[in-house]
Amino acid sequence: MSDTIYDVVIIGGGPAGLTAGLYTSRAQLKTLLVERMIMGGQVMTTTKVENYPGFPGGIDGPDLMMRFQEHCQEFGLETSYGEVENLIDRGETKEVVIDGKPVQARTVIITTGAEPAKLNVTGEQEFVGRGVSYCATCDGAFFRDVEIGIVGGGDTAAEEALFLTRFASKVYLIHRRDELRATKILQERVFANDKIEPVWNSAVERVEGDSSGMKTVVLKNRVSGEQRSLDLEGLFVAIGVIPKAHFLAEVLDLDAEGYILTDAECRTSIPGVFAAGDVRKKLLKQIATAVGDGAVAAIMAEKYLMDAE
Ligand code: NAP
């Protein structure tokens, strides 16, 4: 691997990365896609995707991502697993350091996506895996016939609250304001579900429990200041995402929240390095927009390579 100079190295195997890989491998550019954990990105933790065109009735997130991968395989995309630790701009080539080993590339497309944000309250870390979770699809089935909570007011919290009602006897939807941010259709489903009880204007103060797991969530009403304890077996946290670009903070221009700054054609502050999908600062984070970004970044990388010849 180390003697090869790739035309394109793609960092991250979510919808943006796989789309970029599909385009560049189909364009017969020598491409390597590096993924840290599991191909498919955040979509792998989504039960049903209802707003990706072409799948009336919806499709399971993992099924959709399996199709993306199969499609890339058709064009011979080379993939590998490893953690990208650094990116060094050497002008005509870029050095991508994967698990301590340098890989040379003429262009790089960063599609590392985002990961769930943490509440950063007492007890949260202590009870991760013993009540506290960031993924309803992964852990929901462990909470059958018990009362649980989910924190957040966005699409993820609404979707996950609905999903969790399949297992839990009751789901408290704990939100810091008195209205949800989630899209109308999801709000309507949440409010129509008898198993979901919204808890408005409430912030999680701490999570308590014992050696067997979490037992209680202590909330504070942000309007009245009153404290309230809910005895819950589980707490799902769905308060948004943080971009996975911290390893590039010294290399690329990021915004204050850590998103990679690009122009409309996905170019970053380094010529030949592009960013696509949720890691890029942009208005709308959807599978459809990640796919659009991946295609744009791939075409721009191809154009960059042609211009450099
Ligand atoms: P989001 O839209 O950023 O919503 C985060 C929610 O968590 C907000 O309601 C926010 O409250 C709350 N929050 C943030 N920080 C908090 C804190 N420290 N403590 C308590 N609450 C906090 O995040 P998301 O729901 O994960 O969605 C991320 C993106 O993916 C969005 O663009 C969303 O549309 C998209 N998405 C789309 C779908 C779909 O189309 N089916 C599904 C999932 C996600 P405030 O409302 O007060 O700010």
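Computed from a prediction, not measured in an experiment: that's the story for all the values here. Every number for a ligand or one of its atoms is a count from 1 in the order of the listing. The basis for the numbers below is simple: all heavy atoms, side chains too, and nothing from hydrogens, waters or symmetry mates.
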Quiz item: Of all the non-hydrogen atoms in the protein, which one sits nearest to atom 7 (O) of ligand 1, and at what distance?
Solution: Ile239 CA, 3.2 Å

Quiz item: When you measure from atom 16 (C) of ligand 1 to every protein heavy atom, which one gives the shortest distance, and what is it?
Solution: Arg176 NH1, 3.3 Å

Practice problem: Give the intermediate values and the outcome of ring pair (Phe, Tyr, Trp, His ring centres under 6.0 Å) for residues Phe167 and Phe142. | Solution: CA-CA 8 Å; Phe167 313 104; Phe142 295 123; 9.5 Å; no

Quiz item: In terms of atom number and element, which parts of ligand 1 are under 4.0 angstrom from non-hydrogen atoms of Gly153?
Solution: 6 (C), 7 (O), 8 (C), 9 (O)

Quiz item: Is a side-chain donor-acceptor pair under 3.5 Å present for Tyr6 with Glu78?
Solution: yes

Practice problem: Enter the distance from Leu18:CG to Leu77:CG here, rounded to the nearest 0.5 Å. | Solution: 7.5 Å

Self-check item: Between CD1 on residue Ile260 and NZ on residue Lys244, distance to nearest 0.5 Å
Solution: 12.0 Å

Self-check item: atom 34 (O) of ligand 1: the protein heavy-atom neighbour that sits closest, reported with distance to 0.1 Å
Solution: Asp155 OD2, 2.7 Å

Quiz item: Is it the case that more than 12 heavy atoms not belonging to Phe68 sit under 6.0 Å from its CZ atom?
Solution: yes

Quiz item: Salt-bridged, Glu95 to Arg90, with N to O below 4.0 Å?
Solution: yes

Quiz item: Cation-pi between Lys282 and Tyr259: NZ/CZ under 6.0 Å from ring centre and within 45° of the ring axis?
Solution: no

Quiz item: For atom CG of Leu261, is the number of surrounding heavy atoms from other residues, nucleotides or ligands below 6.0 Å larger than 12?
Solution: yes

Practice problem: Could you tell me the residue and atom name of the protein heavy atom closest to atom 19 (N) of ligand 1, and the distance to it rounded to 0.1 Å? | Solution: Leu119 CD2, 4.0 Å

Practice problem: Output the list of atoms in ligand 1 that are nearer than 4.0 Å to some heavy atom of Arg177, sorted by atom number. | Solution: 45 (P), 46 (O), 47 (O)

Quiz item: Quick one: nearest non-hydrogen protein atom to atom 2 (O) of ligand 1, plus distance?
Solution: Arg181 CD, 3.6 Å

Quiz item: Can you find a non-hydrogen atom of His175 under 4.0 Å from ligand 1?
Solution: yes

Quiz item: What part of Asn51, side chain from CB on, backbone N/CA/C/O, both or neither, has a heavy atom under 4.0 Å from ligand 1?
Solution: side chain

Practice problem: Starting from atom 24 (P) of ligand 1, locate the nearest protein heavy atom and write down its residue, its atom name and how far away it is, to 0.1 Å. | Solution: Thr156 OG1, 3.2 Å

Quiz item: Nearest protein heavy-atom contact for atom 23 (O) of ligand 1: which residue, which atom, what distance?
Solution: Gly240 CA, 3.3 Å

Quiz prompt | Shortest protein contact, atom 35 (C) of ligand 1 (heavy atom only) | solution = Lys285 O, 3.3 Å

Quiz item: Do the side-chain N and O atoms of Asp231 and Thr216 include a donor-acceptor pair separated by under 3.5 angstrom?
Solution: yes

Practice problem: Report, in ascending order of atom number, the atoms of ligand 1 lying under 4.0 Å from any heavy atom of Gln286. | Solution: 34 (O), 35 (C), 37 (C), 40 (O)

Quiz item: Just which atoms of ligand 1 are under 4.0 Å from any heavy atom in Glu159?
Solution: 39 (C), 41 (N), 42 (C)

